[in-house]
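Remarks on the structure that follows.
Letters go in sequence order (proteins before strands), and every chain restarts at 1. The figures here come from the full heavy-atom set of this structure, side chains too, leaving out hydrogens, waters and symmetry mates.
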2 protein chains.
Amino acid sequence: MAHSHIDACPGCEVPDLAFAAHDHAHCSADALARAEALVAEKGLRLTPVRRRVLEILLEEHRALGAYDVLTRLAAEGFGNQPPVAYRALDFLEEQGLAHRIRRLNAFTACMHPGEAHAPAFLICRGCNVVAEAPAAPVMAALQVAAGQSGFVIERSTIEALGLCPNCQVAA
Amino acid sequence: MAHSHIDACPGCEVPDLAFAAHDHAHCSADALARAEALVAEKGLRLTPVRRRVLEILLEEHRALGAYDVLTRLAAEGFGNQPPVAYRALDFLEEQGLAHRIRRLNAFTACMHPGEAHAPAFLICRGCNVVAEAPAAPVMAALQVAAGQSGFVIERSTIEALGLCPNCQVAA
DNA sequence: CTTGACATGTTATATTATAACATTTATACC
DNA sequence: GGTATAAATGTTATAATATAACATGTCAAG
């Protein structure tokens with residue numbers, strides 16, 4: 001990790017800081033640093049395209065469509081065909097560095113890569129911000145529900161659409 | 001409702017009967033009857049296309065893509081353009097008679113329409129059966145997680161991918 | 001310095017979804 | 001019953017999302 005995290009960034013451990021004002025430059029730089037460490041640790045490569053896609057996703061706490069990402073990549077001299085974006089996004093998702101938001105058919109950077117988590121997402125329909133929420137209790141409840149019929153969960157999708165605090169005020 | 005339900009159909013109140021052997025003809029007829037009652041109650045119309053789409057979805061405890069449904073409709077003399085299927089599916093979803101499974105970009109019939117529920121889905125990757133699981137505790141946990149950041153949930157998607165009991169044995 | 005694995009580029013196409021407008025069908029009111 | 005109105009369906013066209021298949025390039029191990 002790039003620095004003594006907890007002291008420098010109170011709230012970075014709070015999952016849905018995305019909705020609150022925060023030092024985003026720090027927030028994204030930190031996620032990128034963690035991502036690099038993680039990838040190195042696994043003996044994988046954070047190539048220029050992959051790294052750039054992650055940076056693009058980290059710019060905002062929003063979800064971007066694959067074609068939005070692709071447009072950005074193309075403008076910067078990378079390939080301009082869909083597989084270029086999808087491959088990088090798939091890699092990032094497989095490594096837990098990005099998440100697919102199914103309700104939006106879009107992708108968002110993971111805000112705490114490396115930490116084991118099956119995240120839940122809060123999607124604000126006002127400002128389009130996407131936040132990761134603490135999902136352990138949610139997952140536990142889902143496991144119980146599944147267990148009652150002997151179903152074994154391998155992957156899960158937990159997403160909520162609604163309004164963040166700011167947008168509730170605005171409305 | 002078409003009959004004295006609980007006695008006649010033990011297990012129909014159990015959400016994930018989908019994975020177990022059951023009297024499916026009854027199961028689907030009952031869901032259809034409930035759907036008709038609900039729609040009538042609201043002063044809406046279960047037109048031939050809508051009714052047929054619901055019947056098609058009720059044939060199996062699986063999710064069908066809009067184009068799968070459309071192919072069936074077209075073969076039966078209904079329109080053969082995408083909006084025909086999407087409009088019927090949208091209607092059914094709005095009325096709580098069908099659910100969209102986001103992980104599959106597909107739709108499945110609701111197995112207990114009318115009962116207030118924000119369902120969780122168990123999707124078996126072995127046999128493709130989709131079951132509705134009791135989601136109240138899951139939703140409660142999600143509400144708590146959202147509440148911590150003042151987020152207000154309006155709609156949610158809870159889906160688990162994995163293996164049903166039968167397919168675990170097979171593997 | 002070459003081999004093999006991985007990554008990227010490229011072409012083409014598949015799949016999912018919606019906008020916009022025309023036509024038909026059902027309902028409500030007179 | 002007959003007409004106005006709303007609702008549903010049909011149709012044309014296109015948008016948005018995603019992947020298959022293969023060619024080319026890059027990098028690291030031996």
Under a 4.0 Å heavy-atom criterion, DNA chain D is touched by chain A from D:dT17 to D:dC27
Q. Are any side-chain N or O atoms of A:Arg50 and backbone N or O atoms of A:Arg45, one a donor and one an acceptor, separated by less than 3.5 Å?
A. yes
Angle separating the five-pair end axes of the helix from C:dC1-D:dG30 to C:dC30-D:dG1, nearest 10°, is 30°
By salt bridge (Lys or Arg N to Asp or Glu O under 4.0 Å), A:Glu76 pairs with (sequence neighbours left out) A:Arg52
B:Tyr67 (side chain) and C:dA14 (base): donor-acceptor pair under 3.5 Å: no
Answer yes if the ring centres of B:His24 and B:His26 are under 6.0 angstrom apart, and no otherwise. no
Taken in chain and number order and not counting sequence neighbours, the residues that satisfy side chain to side chain donor-acceptor pair (under 3.5 Å) with B:Gln143 are none
Rounded to whole Å, CG of B:Leu89 lies from P of C:dT16 at a distance of 13 Å
Hits for side chain to side chain donor-acceptor pair (under 3.5 Å) against B:Gln168, two or more places apart or cross-chain, chain-then-number order -> none
Ranking B:Thr47 and A:Ala106 by the position along DNA chain D of their nearest nucleotide, the one closer to 5' is B:Thr47
Between CG of B:Leu70 and C1' of C:dT16 the distance, given in whole Å, is 12 Å
Practice task
Would you please test B:Tyr86 and B:Phe91 for side chain to side chain contact (heavy atoms under 4.5 Å, CB included) and show each step?
Solution key: CA-CA 8 Å; B:Tyr86 280 104; B:Phe91 171 86; over 6 Å; no
Residues at least two apart in sequence or cross-chain that pass side chain to side chain donor-acceptor pair (under 3.5 Å) with A:Ser156, listed by chain then number, are none
Between CD of B:Glu93 and P of C:dA17 the distance, given in whole Å, is 11 Å
In whole angstroms, the gap separating P of C:dC6 from CG of A:Leu44 amounts to 10 Å
Sorted by number, residues from residues 74-84 of chain A placing a heavy atom under 4.0 Å from DNA chain D are A:Pro82, A:Pro83
Sorted by chain and number, sequence neighbours left out, salt bridge (Lys or Arg N to Asp or Glu O under 4.0 Å) with A:Arg102 holds for none
From CD of A:Glu94 across to P of C:dA7 the rounded distance in Å is 10 Å
ask   = When you measure from the side chain of A:Asn105 to the backbone N and O of A:Gly65, does any donor-acceptor pair fall under 3.5 Å?
value = no
Problem set entry | Path from A:Leu163 to A:Ile101 over hydrophobic side-chain contacts below 4.5 Å | no
query: Quick one: is C:dT18 close enough that its OP1 or OP2 comes under 4.0 Å of any side-chain N or O from B:Tyr86?
result: no
B:Asp68 CG to C:dT16 P, in whole Å, measures 7 Å
For A:Arg72, the salt bridge (Lys or Arg N to Asp or Glu O under 4.0 Å) test, sequence neighbours excluded, returns A:Glu59
The side chain to side chain donor-acceptor pair (under 3.5 Å) partners of B:Glu60 (sequence neighbours excluded) come to B:Arg62
Rounded to whole Å, CG of A:Asp90 lies from C1' of C:dT8 at a distance of 14 Å
**Prompt:** Does B:Arg100 have a side-chain nitrogen or oxygen under 4.0 Å from the phosphate oxygens OP1 or OP2 of C:dA17?
**Reply:** yes
Letter by letter from the 5' end, nucleotides 21-29 of chain C scores (B base, S sugar-phosphate only, - none; protein heavy atoms under 4.0 Å) -----S---
*Does a side-chain heavy-atom distance below 4.5 Å link A:Asn128 with A:Leu104?*
no
Residue set satisfying salt bridge (Lys or Arg N to Asp or Glu O under 4.0 Å) with A:Arg155, at least two apart, ordered chain then number -> none
